[in-house]
Amino acid sequence: MLTPRDIEYFATRHGKFLHYATMLKLCPKDSPECASCWYCSRFGQRLLPPELQKHFLPVYPTAAAAVEAERKAAEAAAAAEEAGEEAVAELDADSAQAEAAAASAATKADEARAAKERAAAAQKAAEGRFLLHFDCGLRKRVQLPAVKHRPVDYYDGKAVSLDIPEAIQRRLSVRSSLTPDSAKLILVMVGLPGRGKSFIAHKLSRFLNWTGYQTEIFNAGQNRRANHSPTNHSRAGFFDPSDAERKAKRESIAMSTFEELLEWLAGGGEIGIFDATNSNPQRRALLVSRAAEWKGWRSGDASPAAGGAGAGVAGGGGARFGVSIVFIESICTDKSILEANMLSKVRASPDFAGLSEEEALSDLRQRVSHYEASYVPVADEEGAYIKLFDLSSKVTAHQVFGRMTQRVLPYMMSLHISLRPIFLAALPPGYGDASSRGDLSCEEGGCSSPNQSFALQLAGWVGRHAPSSPLRLLSSTQASAVDAARVVARDMRRRGVGCSVTNVSCLNPLDRGSEAGEDQWATQRLASMGFSQRYPGGESFADLACVLEVLIVAHATPCRALRAYFLGLPVAECMCPASSRAAEALANASRSVVELLPALFGKWSEEIHTLEERGENSEVLSLDDAVFSLEGQVG
Ligand SMILES: Nc1ncnc2c1ncn2[C@@H]1O[C@H](COP(=O)(O)OP(=O)(O)O)[C@@H](O)[C@H]1O
Ligand SMILES: O=P(O)(O)OC[C@H]1O[C@@](CO)(OP(=O)(O)O)[C@@H](O)[C@@H]1O
C-alpha cells in the first residue's frame, strides 16, 4: 500500500518536490523513457494506482478545467437546442420573434462548439501531466493556483538573436571545453605541510568511494618512506629546495607516484587523489602536461585500435579516456590551528620516529620553512581548482565543471574537523525495511507496542550514555522513527538536556520496489546485491548513498549505509548482516545502538551497545508520550 510519505519520498529523491504539492510529470505514452522511468516501472505506464488516489486528492488543474469546460459546453449546447426548439414552435405565432430566438440559439450553439473545442485542446495538453495535491497530514492542504501564463519581465516572449557577441562566445568555448564529463578525474592536493592535505584526501576518498566512484589516494610521502632510508630522506635537509640533488630525488618520487596513479586509472579507477605538497607552479604544470598526453594506455597495452574499456572519450584521435585535473589547495594562516596541526603531525608521522617531540617539531618547522621558500598558491591560469581557507571558513572554486567534480565541491564546503560521536539506532524489523516501504501500522493510527518499547529502551539508553551537551537527533520521516525520536527528545528535555529533532525523508528505508513485503528472502537478496543494482522498480544502494547528506536514527538500510560511509567500507558489503557484528546489530532485532567514535585523521571506530530489556526511565514515560498526531509536526 502506498502512503503519502511514499510520494514525499519519491518527490524528494527525484527532485520534483514543490512545497505543498508534488508534481509528477509522467512519460509520454509508449515513449522510450517509459522503460527507464521509476514511476512507470512501478505503477505501469501513466496509470494512477487506485491506492494512490485513495490517499491523495488528485487535482488536475488543466484536466479539471477541461472537464469543467466540457460540462459547461454540454449545458450550453442543451440550452441552445432547447431555445432553437422553442423558436421553431413559436414560428407560426410570431415569425420575427422566432427568428430572433433562432439567431440567438445559433449563437449559443456556436459558443458551445467553441467551448467544446477549447475543452478538447485543454484535455490534450493535460495528457500525461498530473498535479497531485496530497493531503498527507504532514502538510497543510492547499489549493494550487491555476497555472496561467503571464509575462514576468520585459524579456518574456521576445525572440532571441542567435548572434552571440564574440567576447561571450570566447568565454563559452572555454566553459564548454571544461564541461565534458571526463571518464577520469585527478584531484591534485596542494599546500604546505600541516595544512590538512592528507586529512582532506582521506575524507574525499571515503566520500567518493561511498557515492560509487572508484577512488584511491596516491601519497608521495608514503612512497618516499617505503623506498628510501629514513635517515637521509626524512629530515628537514631533504626538503631544501636549494639542494639540486635532493630536489631531483623528490621530483622523481613525486612523478613516479603520479605514474602509479595514472596506471591505476588505466586499470579501471575513476578518481585518483595525488597527495603531495605540489607547492610550486612548475610541478603542477608538469602534472597537467603529463595527464594531457596520457590517454589511458598502459605500457603493455595493445594498439589503440584495439579499443578498451574507456568510457567518455575526450580529445582527438586515438584518445582512450578523457581525464580532468582539479587542484585542491588548503591554505591556513591561523597560528593556533597550525600549532595544533604540527603537533598532530609529528605524533602520527613515521618521519619523526626516534625524535623527541621538541626535536620533531623543530625539524618539521624547518621542513615547512623550506617549502615556504618556493610555495606559490594555485593561480587561475593553472586550471580548475578548489581552495579551502582556514578550515573551510572560506572556499573558492575556479572552473569547477563536470559531473564528478561537481560532486566534490559541496562536500568540500561542508568538510569539518570537529570531533563528535555519532550514534546509529536502527528501528527493529517490521518498521520500514522488512515490510514494504511505508507499510507501517503506525502510519495510520499510532504506534504498535514493539515500537513503543523500542523507543522507551532507546530513550533509557540515551539517558544513560549520551553526553550532557545538547543532542542533535535526526530521524527518518516514517512515523515509527518520528515516534522514537520524539520519545528520546522528550526524555532528554525532561533531564534538562537540549535535544533538537529533525525529520528527513532521505533517511527513509531503501525502496524495495516490487519486492517490498517479500521478507522471507529479503535479507539474503540484500546481501547479494551490488552497489548499483536496483530492486525491480525500486532503488539501489547507490540511490541511497546519493541522497544521504545528514546523519542518524532511522531504518536498517540507511543506518548501514551511513556506517559504511564513516568507516570507509563498501556499502554493498555493509548491507550484508553477516559481514560484521555491527552490520548485524543494525540489521536484526537485537535492538542495538552502533556508536561511531572519531579517531585520528578523520577516521572512525565503532562500538556496539545493546539496549536493555526495559529502559531505565520507562516507568516515567507514559505511552501517551510516544503516540502523537503527525499533524502536530506541522508548524
Ligand atoms: N582545511 C584544513 N585546514 C587546516 N588544517 C586542517 C584542515 N583539515 C584538516 N586539518 C588538520 O590538519 C592536521 C594535519 O593534517 P595533514 O593531513 O597531516 O596535513 P598535510 O598532509 O597537509 O601535511 C590534521 O590534524 C587536521 O586536523
Ligand atoms: O613532492 P612534494 O610535493 O614535495 O610532496 C611530497 C612530500 O610531502 C610531504 C610533506 O610533508 O608529505 P606528507 O606530509 O604527506 O608526508 C612529504 O612527506 C613528502 O615527501
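Remember, it's 1-based here, ligands and their atoms both numbered in the order they're listed. The model shown is predicted, which means the values in this text are computed figures rather than measured ones. The basis for the numbers below is simple: all heavy atoms, side chains too, and nothing from hydrogens, waters or symmetry mates.
- When heavy-atom distances to ligand 2 are checked against a 4.0 Å cut-off, Asn219 comes that close only through its side chain, counted from C-beta outward.
- For a threshold of 3.5 Å applied to N or O pairs, the pair formed by Arg283 and ligand 2 contains at least one separation below that value.
- Contact between Ser279 and ligand 2 is absent, with no heavy atom of the residue lying under 4.0 Å from the ligand.
- Comment: Lys345 does not engage Asp351 in a salt bridge, judged by the lack of any side-chain N to carboxylate O separation of less than 4.0 angstrom.
- Any N or O atom pair closer than 3.5 Å counts here, and Leu388 shares no such pair with ligand 1.
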Residues Thr215, Leu204; criterion side-chain contact (heavy atoms from CB on, under 4.5 Å); working and verdict: CA-CA 9 Å; Thr215 307; Leu204 263 175; over 6 Å; no
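- Of the protein's heavy atoms, Gly221 CA, 3.6 Å lies nearest to atom 19 (C) of ligand 2.
- Each of the following atoms of ligand 2 lies closer than 4.0 Å to a heavy atom of Asn278: 3 (O).
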Which is it for Ser374 and Asn280 under the side-chain hydrogen bond (donor to acceptor under 3.5 Å, both in side chains) test, yes or no, and what are the steps along the way? CA-CA 6 Å; Ser374 60; Asn280 61 67; 4.5 Å; no
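- Residue Gly194 places a heavy atom less than 4.0 Å from ligand 1.
- Checking Arg284 against Asn278 by side-chain atom types alone, no donor-acceptor pair falls below 3.5 Å.
- Every atom of ligand 1 with a heavy atom of Leu192 under 4.0 Å away is listed here by number and element: 22 (O).
- Residue contacts with ligand 2: Arg367 is placed with a nitrogen or oxygen under 3.5 Å of a nitrogen or oxygen of the ligand (distance criterion only).
- The presence of a protein heavy atom under 4.0 Å from atom 12 (O) of ligand 2 is ruled out.
- Around the CZ atom of Arg581, the shell of radius 6.0 Å holds no more than 12 heavy atoms that belong to other residues, nucleotides or ligands.
- Proximity of Lys197 to ligand 1, defined as any heavy-atom pair under 4.0 Å, is shared by backbone and side chain alike.
- Near Ser330, meaning under 4.0 Å from one of its heavy atoms, ligand 1 places the atoms 1 (N), 2 (C), 3 (N).
- Between Leu409 and Val395 there is a side-chain heavy-atom pair separated by less than 4.5 Å.
- Short contacts between ligand 2 and Tyr371, defined as distances under 4.0 Å to a heavy atom of the residue, involve ligand atoms 2 (P), 4 (O), 5 (O), 7 (C), 8 (O).
- Some N or O of Ser198 is nearer than 3.5 Å to an N or O of ligand 1, by distance alone.
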Yes or no on side-chain contact (heavy atoms from CB on, under 4.5 Å) for Arg290 and Leu262, after CA distance, side-chain angles and deciding distance? CA-CA 10 Å; Arg290 175 67 191 111; Leu262 294 176; 3.8 Å; yes
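- Counting only heavy atoms of the protein, atom 3 (O) of ligand 2 lies nearest to Thr277 OG1, 2.6 Å.
- A heavy-atom separation below 4.0 Å is not found between Asp390 and ligand 1.
- Looking only at distances, a side-chain donor or acceptor of Asn341 sits under 3.5 Å from a matching main-chain atom of Gly194.
- For Phe199, a nitrogen or oxygen atom sits less than 3.5 Å from a nitrogen or oxygen atom of ligand 1, counting backbone and side chain alike.
- Taking every non-hydrogen atom of Ala220 and a distance limit under 4.0 Å, the qualifying atoms of ligand 2 come out as 6 (C).
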Test side-chain contact (heavy atoms from CB on, under 4.5 Å) on Gln222 and Ile217; report intermediate values, then the result. CA-CA 10 Å; Gln222 211 51 8; Ile217 302 173; over 6 Å; no
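- No heavy atom of Lys197 sits closer than 4.0 Å to any atom of ligand 2.
- Taking every heavy atom of Pro193 and a limit of under 4.0 angstrom, the matching atoms of ligand 1 come to 23 (O).
- No donor-acceptor distance shorter than 3.5 angstrom exists from the side chain of Glu216 to the backbone of Gly269, with no hydrogens or angles considered.
- Note that Arg195 lies outside the cation-pi zone of Tyr375, set by a 6.0 Å cut-off to the ring centre and a 45° limit from the axis.
- Ranking protein heavy atoms by distance to atom 15 (O) of ligand 2, first place goes to Ser198 OG, 3.6 Å.
- Between atom 3 (N) of ligand 1 and the options Leu391, Val368, Thr277, the minimum heavy-atom separation is to Leu391.
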Decide side-chain contact (heavy atoms from CB on, under 4.5 Å) for Leu391 and Cys332; before the verdict, give the C-alpha distance in whole Å, the side-chain angles of both, and the deciding distance to 0.1 Å. CA-CA 7 Å; Leu391 299 175; Cys332 182; 5.7 Å; no
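- At a threshold of 4.5 Å between non-hydrogen side-chain atoms, the residues Leu187 and Ile271 count as touching.
- In terms of protein heavy atoms, atom 14 (O) of ligand 2 is closest to Lys345 NZ, 2.7 Å.
- From the protein, the heavy atom lying nearest to atom 17 (C) of ligand 2 is Arg224 NH2, 3.4 Å.
- Of the options Arg225, Lys249, Arg246, a side chain to side chain contact (heavy atoms under 4.5 Å, CB included) to His233 is made by Lys249 and by none of the others.
- Against a heavy-atom cut-off of under 4.0 Å, Pro193 is close to the following atoms of ligand 2: 11 (O).
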